[in-house]
Amino acid sequence: MIFNNGSKSKSKSKSKSKSNSNSNSKSNNIDRKEFISHVETKKLGIWSKIQHNFKNSSLYALFSRLDVKNPKTLQSAYQLSLQVSLLLLKAFITLKIATLDGQLVSSLISRKFKKFFKYLLFWLLIGIPNSLTDSLLEKSKRLLSQSIRVNLTLNLLDEYLPKNGNSTIYQLLNSQNSSINDPNHRLTNTVENFSKSISILPSQLLTPILDILIAANHMSKSSENSSEGALMLGMVANLSTLVLKVFTPNFSILNNMRNTLENKFHEFHSNIILNNEEIALAKGHMREIDLLDTSYFEFERFERMTLRRLAIYNFAISFIFKYTLGAFGLILCSVPTFTTAYMVNFQNDERVVSKLSSDFVSNRSLLLKASDSLGKLIQSKKNIQNMIGYANELWDFEKELIDINESSELESIINIQKISKDNSNNNIETPLLTGANISYGDEITFNKVPLITPNGTLLVKDLSFSIKQGDNLLIIGPNGCGKSSLFRMLGGLWDIKDPGKLIVPYSKKDLFYLPQRSYFTYGSLREQIIYPDSYDDYRDKILHAKQNGEKLIIDDEYLISLLHKVNLEYLLNYDKDDDDDDHDDYDDYSGNDINDNGSVVNVIENNNDSSSNNETSNSHHGISKETSCSANCIFMIPNLDRIKKWPDLLSVGEQQRLAMVRLYYHCPKFAVLDECTSSISSDLERECYKIATQDLKITVISVCHRTSLWSFHSKILKFKKIEIENKNGNETEGLATTLFTSFDPELRLKRHEEVIAIDNTLKRSDELAKRLNALKKMKNTRSGRRPAMMYFGEDDDDEEEDDDDDDE
Ligand SMILES: Nc1ncnc2c1ncn2[C@@H]1O[C@H](COP(=O)(O)OP(=O)(O)OP(=O)(O)O)[C@@H](O)[C@H]1O
């Protein structure tokens, strides 16, 4: 089988070539390379060609990434060799059973009952190893599939969520060049399907080959004309495969199409789950049903088409291999019987008849099995094509992840080398940001940084500002001008393009980001607060602080005091009655178990080390025996262990307050607050800012619309959109400019209020001027008195006259 994804990359490079001339020449280069390699492979022999193509295949690339010394890889190799041994054993048993079948018939015909029962007993006994081999084979297939799956998943996850904290997922999902939009599907379904198809491959290939070899060998022993017969059988089999090609669909393409349609359907469902509240409030059910129906209908139509083609294919396989080849096999088996019967001196001797019957029965059973196996061998093409499809999908995914990570790793290495040269210190943590235009310091400085979106839209030509610790910065500007984009650059999600330079703190813990809606996980309340710290980090920090005799120890009590500060202490007793149910619901999810004190014990850790029962029964969140005594002192307050669906339980305002607690816990030097308190009441919002800026001395860079927060800032960065004339001479909104200055909140607020007052007065005077005009018009109409109408009462006229008097 030839594995090649060359055509895919060719079409990919072709599509890119349309977009610009650079990529055009690049794709031409790729085409030329492919052409040269194609010519080179043509010169090679068949075996070398297979080797060459295999080495260029996704399957090879995928497996070459696996670590050979990894226990999981060794386990897979062990399962594979076990499966091969079991298959050989199974073939041997099949041969024995076929021989026994023949001997049973022979003893029956010659009426040797003793022998018959002896063979019957053998036949029964051989059933034990046969059944055992079958069940072990099934088990080894599943274990092989499982170990391949675990190995691949771990490999992919290492690239997907790299330990160095690179924002790989963001770049994968937001990059213009990325073709991956279903990483979840690839990480789950595709990996599972791929592992399954690999695990059944040895038995799919080896069993039929062994069956055919055994049948050929057995027949050659029992018949004189076996070589001619085998030749004829080979020719018929060859002809059959040619006929079958007509009915065989391309399973790889079918598989890819199924995945695409299934993904689309899944995506619509995920959207509904994610936005359930918005859809319910907007009463958008019918619209969603339409979308789901359409995508399901497409999927269903495709499935029906596939089933139709599969039915024809299965019929062809069954008829051609089971019956056509089976019938031919029967003819071959019967040849020795007939040739013996027509021999000149043939006597109807019982011994000869029983020998002929025995040979016929064994040959027949082996040949029928072999013809059936040949069909299965042909059918394994379907599995191989599917497997190649899955391998392509997985390798495309992994390659994309590797490319993203390698580019940022290279930058990271360069930066670390730069730093270690300066500091002559080799043991340096990975920096907050990496890149050619990044340097480190105790400040945040943007120097002529062009603000460009990933799809190339220029938002601000050159953004420049600089803040040091204590310079709280307020960012204001109209919607869509690029305020959050600035934070994306600061967070390393978007590149800093030339000639821009960015100075940031080196350590990751010195900058913290709080968006309008923070991320909360299913888990304990403590986990929500300390995120992204793990329990180990939390414990280490406490132990470190205690060892160094620090005054402030950030432990459970401190967390509770923080919750008090933002009026969230009631979360400690949240839904107390439902606790048991909730624990039941989420224990499985978190891998945690609740002990008698209501604190959490990590089940995974327990399972990992079943030998140390005493150790783990005392353990808390994976903390080992040595530290278990201190663990009891660390996880003191069981109420913080309450596991809930926090994102669903909390209102937006509560989530924002909890996010502020998270900020206080981490207490970074700098914090980006992107409208993160917009749903908190004004008084509490001021209190939250006061704690951050004045009590904890966190330097904030905030986007906020309420003037009540201005007083916490000493610098301002103002975005203003500039109007650009387009070709038609119309003005359109385009770039934004920025102005960075010092900020006197009191003065600014006074001016702001003055501006509002003047604005209101102007508006009022406009209204008064309009009213005056209207009244003047009325008066002019009055002076040219219209004739009184028949149905106007006298009173009306009088009233109008009174009005006129008043006006005057
Ligand atoms: N991932 C992205 N890819 C491409 N363009 C983006 C991306 N994210 C944002 N943009 C575009 O960048 C522009 C600025 O967006 P940004 O989120 O920075 O606005 P903002 O000033 O924060 O607005 P608001 O006050 O509404 O939050 C918008 O036109 C938006 O469409």
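Counting starts at 1 for both ligands and their atoms, following the listed order.
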Suppose I only count heavy atoms of [X] and a 4.0 Å limit; which atoms of ligand 1 are within that range?
| X | answer |
| --- | --- |
| L459 | 12 (O), 13 (C), 14 (C) |
| N479 | 23 (O), 24 (P), 25 (O), 26 (O) |
| Y170 | 1 (N) |

task: Give the ring-plane orientation class for F299 versus Y296, where under 30° counts as parallel, over 60° as perpendicular and anything between as tilted.
output: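 If you compare the ring of F299 with that of Y296, the planes turn out tilted.
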
In the protein, what heavy atom is nearest to [atom], and what distance, to one decimal place, separates them?
| atom | result |
| --- | --- |
| atom 9 (C) of ligand 1 | R488 NH1, 3.4 Å |
| atom 22 (O) of ligand 1 | S484 OG, 2.7 Å |
| atom 25 (O) of ligand 1 | K483 NZ, 2.8 Å |

message: Does only the side chain of D674 get under 4.0 Å from ligand 1, or the backbone, or both, or neither? Count heavy atoms.
response: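 Within the 4.0 Å criterion, D674 makes no contact with ligand 1.
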
- request: Heavy-atom distances under 4.0 Å are what count here, so tell me which part of N174 touches ligand 1: side chain, backbone, both or neither.
  value: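 It is the side chain that touches ligand 1; the backbone stays farther off.
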
- request: State plainly whether the residues R764 and E767 are in salt-bridge range, i.e. N to O under 4.0 Å.
  value: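 Here R764 pairs with E767 in a salt bridge, since their nearest N and O are under 4.0 Å apart.
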
Are any of the N/O atoms in [X] less than 3.5 Å from those in ligand 1?
| X | result |
| --- | --- |
| W494 | no |
| H705 | no |
| P454 | no |

query: For Y390 and W395, what are the C-alpha separation, side-chain angles and deciding distance, and is it a side chain to side chain donor-acceptor pair (under 3.5 Å)?
result: CA-CA 9 Å; Y390 297 134; W395 179 237; over 6 Å; no

Close side-chain approach of V504 to L490, heavy-atom, < 4.5 Å: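 Of all side-chain heavy-atom pairs linking L490 with V504, at least one is under 4.5 Å.
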
field: Contact bool for atom 5 (N) of ligand 1 (protein heavy atom, d < 4.0 Å)
entry: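 Under 4.0 Å from atom 5 (N) of ligand 1, at least one protein heavy atom found.
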
task: Take atom 30 (C) of ligand 1 and look for protein heavy atoms under 4.0 Å from it; say yes if you find one, no if not.
output: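 No; the ligand atom in question lacks any protein heavy-atom contact below 4.0 Å.
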
task: Would you confirm whether the ring centroid of F512 sits within less than 6.0 angstrom of the ring centroid of H666?
output: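 Between F512 and H666, which both carry aromatic rings, the centre distance is below 6.0 Å.
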
- prompt: With a distance cut-off below 6.0 Å to the six-membered ring centre and an angular limit of 45° from the axis, does R662 pair with F520 as a cation-pi contact?
  reply: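 Pair R662/F520 counts as cation-pi.
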
Donor-acceptor contacts, no H, no angles, side chain residues 458-472, under 3.5 Å, sequence neighbours left out:
residue : atom : partner : partner atom : Å
S464    : OG   : K448    : N            : 2.9
S466    : OG   : E443    : OE1          : 3.3
S466    : OG   : T445    : OG1          : 2.8
D471    : OD2  : K468    : N            : 3.0
N472    : OD1  : V700    : N            : 2.8
N472    : ND2  : F712    : O            : 3.2

Check: residues 281-293 side-chain donor-acceptor pairs under 3.5 Å, at least two apart:
none

message: Which option wins on minimum heavy-atom distance to atom 12 (O) of ligand 1: T453, L173, L486?
response: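 Among T453, L173, L486, the closest heavy atom to atom 12 (O) of ligand 1 belongs to T453.
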
From the candidates S485, G477, G480, the one that places a heavy atom nearest atom 20 (P) of ligand 1: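 Minimum heavy-atom distance to atom 20 (P) of ligand 1 goes to G480.
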
query: Which pair of non-hydrogen atoms, one from Q528 and one from L658, has the smallest distance, and what is that distance?
result: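 Heavy atoms of Q528 and L658 come nearest at CB-CD2, 4.1 Å.
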
- prompt: Ignoring hydrogens and geometry, is there a side-chain-to-backbone donor-acceptor pair from R186 to E393 under 3.5 Å?
  reply: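 Checked: pair present.
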
